[in-house]
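What follows is a set of notes on a single structure, which appears directly below.
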Amino acid sequence: MADIKAAAAADEEQDHHHHRVIVTEPLEEQEKKQPPHKSKRVSSLDVFRGLTVALMILVDDAGGEWPMIGHAPWNGCNLADFVMPFFLFIVGMSIALAFKRIALAYFVVALIEISTKTAQAKDLLPGRLVGACVLIVYLALIYGVYVPDWHFTVDNIDSADYGKILTVNCGVRGKLDPPCNTVGYIDREVLGINHMYAHPAWKRSKACTKHSPYEGPFRNDAPSWCLAPFEPEGILSSISAILSTIIGVHYGHVLIHMQSHASRLRHWVAMGLALLMLGITLHFTNAIPLNKQLYTFSYVCVTSGAAALVFSAFYVLRALWNMEDQRLTALESSGGARI
């Protein structure tokens, strides 16, 4: 009987030790067995963003010494005038991919993206309708609003007219010249002239200085508006800037819904060329001049078309790079098998 109790106690002690023993694999082995995490970033978009940042640094540092790459005094499109539209295009694509929302253009386009996030590429009618509405409102205002005469006080202490109240004669509608455009009129009425940018690029225009496009003393016969402030990123121009972001969102949707590289590139390149040609035609026929400060429709077309083509070029390079990586990997694998 004692032997039976001793055997039972030994078995119980053995079972107790058995249940307490836990065999675990090393942490390194567990990590190796986990599937690799694939990055969801679009590398070609990252490269495009880096190029735009480098472009911004270049024109900020060298634009003063080389006015041909700085902002155009009024009509025209220099290298610096591509920076902001490129960023808006990139943000539009990012919204389509990751729902990032900042500022007016980003907010409006994010609402479009939320309303169409389950739609296919061919069913994105709401986004196109919003873009058309933005364009109609912008054109109706910029060509339909009456701009009356206005006045301002010269606050440049280096000017001989310091402290004087000068009058700018307008009394027109539909003008896109510096003193009498709707963009400046709306900003003066809503923001107040004292809250507008005191050193606009138009001070380097031929009407103001004989050293144009460089800065310099004003001409003796320079009009009074050369001394006036102007907001280059005002209310109406910000509304028009929404179009650049909407185009970027469309390109993001194409990236999501079209699966093959060839179909994506055909769509992107065709649309980019069409936008570029439309903007250039509008400018050189004097229908709608390129103007960053007014953010005209021709400016939207040229800069968005250029952004589309530059991004497409980076996309092609990245695709070729991936193909080369795959080819080298296959060669290395076949070489290892032979060994």
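Here the structure is a predicted model, which means the values were calculated and not measured.
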- Task: For the pair Ser44 (side chain) and Arg318 (backbone), establish whether a donor and an acceptor sit closer than 3.5 Å, ignoring hydrogens and angles.
- Result: no
For residues 132-144, which side-chain N or O atoms pair as donor and acceptor with protein atoms under 3.5 Å away, sequence neighbours left out?
{"unit_1": "Tyr138", "atom_1": "OH", "unit_2": "Leu294", "atom_2": "O", "d": "2.6"}
{"unit_1": "Tyr138", "atom_1": "OH", "unit_2": "Tyr295", "atom_2": "O", "d": "3.3"}

- Message: Over 60° means perpendicular and under 30° means parallel, so tell me whether Phe311 and Trp268 are parallel, tilted or perpendicular.
- Response: perpendicular
- Item | Check against side-chain contact (heavy atoms from CB on, under 4.5 Å), Asn291 and Leu176 | CA-CA 9 Å; Asn291 193 298; Leu176 300 182; over 6 Å; no
- After noting the C-alpha distance and the side-chain angles of Ile193 and Phe230, does the key distance pass the side-chain contact (heavy atoms from CB on, under 4.5 Å) rule? CA-CA 8 Å; Ile193 197 167; Phe230 181 83; over 6 Å; no
- Task: Say whether Val300 and Leu273 are linked into one hydrophobic cluster, either directly or through other cluster members, by side-chain heavy-atom distances under 4.5 angstrom.
- Result: yes
- Mind checking whether Tyr299 and Asp81 have side chains closer than 4.5 Å, heavy atoms only? yes
- Determine, using ring centers only, whether His250 and His267 are less than 6.0 Å apart. yes
- Message: Could you measure the distance from the CE atom of Met196 to the CG atom of Leu191? Nearest 0.5 Å is fine.
- Response: 7.0 Å
- Atom OG in Ser94, atom CG in Leu88: separation rounded to 0.5 Å? 11.0 Å
- Would you confirm whether Thr52, through its side chain, and Val83, through its main-chain N or O, come within 3.5 Å as a donor-acceptor pair? no
- Query: Is the backbone of His151 close enough, under 3.5 Å, to the side chain of Arg188 for a donor and an acceptor to pair up by distance?
  - Reply: no
- Nearest heavy-atom contact between Pro217 and His211 is CD-CD2, 3.7 Å
- Item | Leu276 CG to Met271 CE distance, which is reported to the nearest 0.5 Å | 12.5 Å
- Query: Quick one: does Pro148's side chain get under 4.5 Å of Tyr185's, heavy atoms only?
  - Reply: yes
- When rounded to the nearest 0.5 angstrom, what distance separates OG1 in Thr153 from CG in Leu227? 11.5 Å
- Message: Quick one: does any side-chain atom of Asn78 pair with a main-chain N or O of Ala80 as donor and acceptor, under 3.5 Å?
- Response: no
- Non-hydrogen atoms of Ile246 and Gly131 that approach each other most closely: CD1-CA, 3.6 Å
- Query: Of all heavy-atom pairs between Ser205 and Ser212, which one has the smallest distance, and what is that distance?
  - Reply: C-OG, 3.5 Å
- Query: Phe86 and Thr303: which non-hydrogen atoms are nearest, and at how many Å?
  - Reply: CE1-O, 3.6 Å
- Task: Kindly say whether Asn75 contributes a backbone atom to a donor-acceptor pair with the side chain of Gln293 at under 3.5 angstrom?
- Result: no
- Query: Where does the angle between the aromatic ring planes of His199 and Tyr197 fall among parallel (under 30°), tilted (30 to 60°) and perpendicular (over 60°)?
  - Reply: perpendicular
- For Ala228, does its backbone N or O pair with a side-chain atom of Lys203 as donor and acceptor, under 3.5 Å? no
- Enclosure of Phe284 CZ (heavy-atom neighbours >12, cutoff 6.0 Å): no
- Query: Linking I/L/V/M/F/W/Y whenever any side-chain heavy atoms sit under 4.5 Å apart, do Ile69 and Val53 land together?
  - Reply: yes
- Should Ser240 and Thr296 count as side-chain neighbours, where that means a heavy-atom distance under 4.5 Å? no
- Asp187 side-chain N/O to Gly184 backbone N/O, donor-acceptor pair under 3.5 Å: no
- Side chain to side chain, Arg266 and Met258, heavy atoms closer than 4.5 Å: no
- Would you mind reporting whether Arg204 and His71 have side-chain heavy atoms less than 4.5 Å apart? yes
- Co-membership, hydrophobic cluster, residues Leu45 and Leu317, 4.5 Å side-chain: yes
- Report yes if some heavy atom in the side chain of Leu275 is under 4.5 Å from a heavy atom in the side chain of Ile247; otherwise report no. yes
- Note on the structure: Shortest non-hydrogen pair, Lys292 vs Glu233, comes out as NZ-OE2, 3.4 Å
- Item | Electrostatic pair Arg219:Asp221 at N-O distance under 4.0 angstrom | yes
- Task: Evaluate the criterion side-chain hydrogen bond (donor to acceptor under 3.5 Å, both in side chains) for residue pair His261 and Tyr315; output intermediate values, then yes/no.
- Result: CA-CA 9 Å; His261 295 317; Tyr315 187 85; 2.6 Å; yes
- Message: Measuring from atom OG of Ser298 to atom CG of Leu290, what distance do you get when rounded to the nearest 0.5 angstrom?
- Response: 4.5 Å
- Side-chain donor/acceptor of Arg264 to backbone N/O of Leu255, under 3.5 Å: yes
- Query: Looking only at heavy atoms, what is the nearest atom pair of Ser237 and Gly234, with distance?
  - Reply: OG-N, 2.9 Å
- Task: On the 0 to 90° scale, with breaks at 30° and 60°, tag the Trp202-Trp74 ring pair as parallel, tilted or perpendicular.
- Result: tilted
- Within one Ile-Leu-Val-Met-Phe-Trp-Tyr cluster: Leu51 and Ile90, side-chain cutoff 4.5 Å: yes
- Decide yes or no for Val310 and Phe82: does some side-chain heavy atom of the first lie under 4.5 Å from some side-chain heavy atom of the second? no
- Separation of Ile288 CD1 from Cys301 SG (nearest 0.5 Å): 8.0 Å
- Going through the distances and angles, do Phe152 and Lys164 end up as a side-chain contact (heavy atoms from CB on, under 4.5 Å)? CA-CA 8 Å; Phe152 67 98; Lys164 292 183 179 179; over 6 Å; no
- Under 3.5 Å, is there a donor-acceptor pair between the side chain of Tyr251 and the main chain of Phe89? no
- Message: Could you see if Leu55 belongs to whatever hydrophobic cluster contains Trp66? Use Ile, Leu, Val, Met, Phe, Trp, Tyr and a side-chain cutoff under 4.5 Å.
- Response: yes
- Message: Within the 4.5 Å heavy-atom criterion, are Asp149 and Val168 side-chain neighbours or not?
- Response: no
- Task: Determine yes or no for a side-chain-to-main-chain donor-acceptor pair under 3.5 angstrom, with Ser312 supplying the side chain and Leu265 the backbone.
- Result: no
